[in-house]
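Notes follow once the structure below has been shown.
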2 protein chains.
Amino acid sequence: MSDEIRRSMPLFPISIVKSLTDLSARQIRYYEEHNLVHPARSEGNRRLFSFNDVDRLLEIKALIEKGINLAGIKQVLSMQEVPDNEPMDQEQVEEIHNDLSEKELRRMLQQELHTAGRYGKSSLRQGELSRFFH
Amino acid sequence: MSDEIRRSMPLFPISIVKSLTDLSARQIRYYEEHNLVHPARSEGNRRLFSFNDVDRLLEIKALIEKGINLAGIKQVLSMQEVPDNEPMDQEQVEEIHNDLSEKELRRMLQQELHTAGRYGKSSLRQGELSRFFH
DNA sequence: TTTTCATGTTAGATTTCTTAACATCTCTTG
DNA sequence: CAAGAGATGTTAAGAAATCTAACATGAAAA
């Protein structure tokens, strides 16, 4: 709970996120433009990313590398959105089975974590940045 | 071990560190100038702070608030430096007992963590930033 | 072949950060 | 008390990082 607060604190400038995700600034901004991430802004309008944001970008990257386009990724990410509690209706269940099952997704996103030799050139995978820092 | 790597990754610009520690940029730079912290630098010479750096600044702040001056803080921090393995010689032991015992220090630094209402205005205490994020 | 998608590149404006200098305030100390 | 030292604030000028917007491009879709 307070965990969610920590993980959503705006902390990183885009330069750090670039090195953390190995995405280009252009890509990051493009994904934001298409509502896949929503970094906060500084007073001076600079993007500030949270751990959650970075995790999300890592997920996006993994999906991109699977050959999934932005529309597909948007779908997938929306499916991940906290089920809150509401039991899914039949439509939702079918959607999941049509595209990628939750399970499959999880597996897809759950891979080993590996850092390259130098800082700023790490190449993390899946939505696991949070586990990286503790 | 790999933990140490994570905690020493240069991640934060000074603006974020300011809000995380509630220290002024002037203070942060002054402490660096006097070798109390050693943030990394970006290619363009911007300071980049790690979790360890921020923790250290929070410790410094706590000590400042105790009325200890920079010389004293330098002492205290050097005492905290990983004992590596080497058993301390008598001199060191006496130093510790003269100034502040390890125990006393620990207690001093171990206090509850509290965030202010708004992000960017948190007022963390002691060297516990790492515990804040996980 | 023409569009659309995803990304690269570039330019100009704006923000953030850097160092250095000087100001100020509080302690010490002679 | 006056002088110096320590810690911090404030300001200026320049450099670095980021922003948006526009245009370019290659690959895939239609």
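Quick note on labels: first sequence line is chain A, next is B, and so on, each numbered from 1.
Summarising the local packing, CD of A:Glu33 is surrounded by more than 12 heavy atoms from other residues, nucleotides or ligands at distances under 6.0 Å.
Side chains of B:Gln80 and B:Glu59 form a contact here, defined as non-hydrogen atoms less than 4.5 Å apart. A:Tyr30 places none of its side-chain heavy atoms less than 4.5 Å from the side chain of A:Leu36. Under the 4.5 Å side-chain criterion, counting only non-hydrogen atoms from C-beta, B:Ile64 is not in contact with B:Leu23. The closest side-chain heavy-atom distance from B:Arg46 to B:Ile14 is not below 4.5 Å. Under the 4.5 Å side-chain criterion, counting only non-hydrogen atoms from C-beta, A:Leu11 is in contact with B:Leu20.
A donor N or O paired with an acceptor N or O is not found under 3.5 Å between the base of D:dC19 and the side-chain atoms of A:Arg46. Taking 3.5 Å as the limit, the base of D:dT18 and the side chain of A:Arg47 contain no donor-acceptor pair of atoms between them.
In this structure, A:Glu65 atom CD and C:dT7 atom P are separated by 11 Å, rounded to whole Å. Here the C1' atom of nucleotide C:dC5 and the NZ atom of A:Lys74 are 13 Å apart, to the nearest Å. The nearest whole Å value for the distance from the CD1 atom in A:Ile28 to the C1' atom in D:dC19 is 14 Å. Counting to the nearest Å, the C1' atom of C:dC17 and the NZ atom of B:Lys18 are 10 Å from each other. Between the CD atom of B:Glu32 and the P atom of C:dT18 there is a distance of 8 Å, given to the nearest Å. In this structure, A:Leu48 atom CG and D:dA17 atom P are separated by 16 Å, rounded to whole Å. Here the P atom of nucleotide C:dC5 and the CG atom of A:Leu36 are 14 Å apart, to the nearest Å. Atom C1' of nucleotide C:dT7 and atom NZ of A:Lys61 are separated by 15 Å, given to the nearest angstrom.
Which of C:dC17, C:dT16, D:dC19 sits closest to the side chain of B:Pro13 comes down to C:dC17.
Residue B:Pro13 comes nearest to B:Leu48 through the heavy atom pair N-CD2, 4.4 Å, listed as atom of the first residue, atom of the second, then distance. In this structure, A:His34 and A:Lys74 approach most closely via the heavy-atom pair O-NZ, 3.1 Å.
In this structure, A:Phe12 and B:Phe12 have parallel ring planes: the angle between them is below the 30° cut-off, well short of the 60° mark.
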Table of protein N/O atoms under 3.5 Å from nucleotides 4-11 of chain D N/O atoms:
| residue | atom | partner | partner atom | Å |
| --- | --- | --- | --- | --- |
| D:dA7 | OP1 | B:Leu70 | N | 2.8 |
| D:dA7 | OP2 | B:Tyr30 | OH | 3.4 |
| D:dT8 | OP1 | B:Gln27 | NE2 | 3.1 |
| D:dT8 | OP1 | B:Tyr31 | OH | 3.0 |
| D:dT8 | OP2 | B:Tyr31 | OH | 3.1 |
| D:dT8 | O4 | B:Arg26 | NH2 | 2.9 |
| D:dG9 | OP2 | B:Ser24 | OG | 2.5 |
| D:dG9 | N7 | B:Arg26 | NE | 3.1 |
| D:dG9 | O6 | B:Arg26 | NE | 3.3 |
| D:dG9 | O6 | B:Arg26 | NH2 | 2.8 |
| D:dT10 | O4 | B:Arg26 | NE | 3.4 |

Expected rows: protein N/O vs nucleotides 25-30 of chain C N/O, under 3.5 Å:
none

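Within the structure, every side-chain polar atom (N or O) of A:Ser42 is placed at least 4.0 Å from both OP1 and OP2 of C:dT15.
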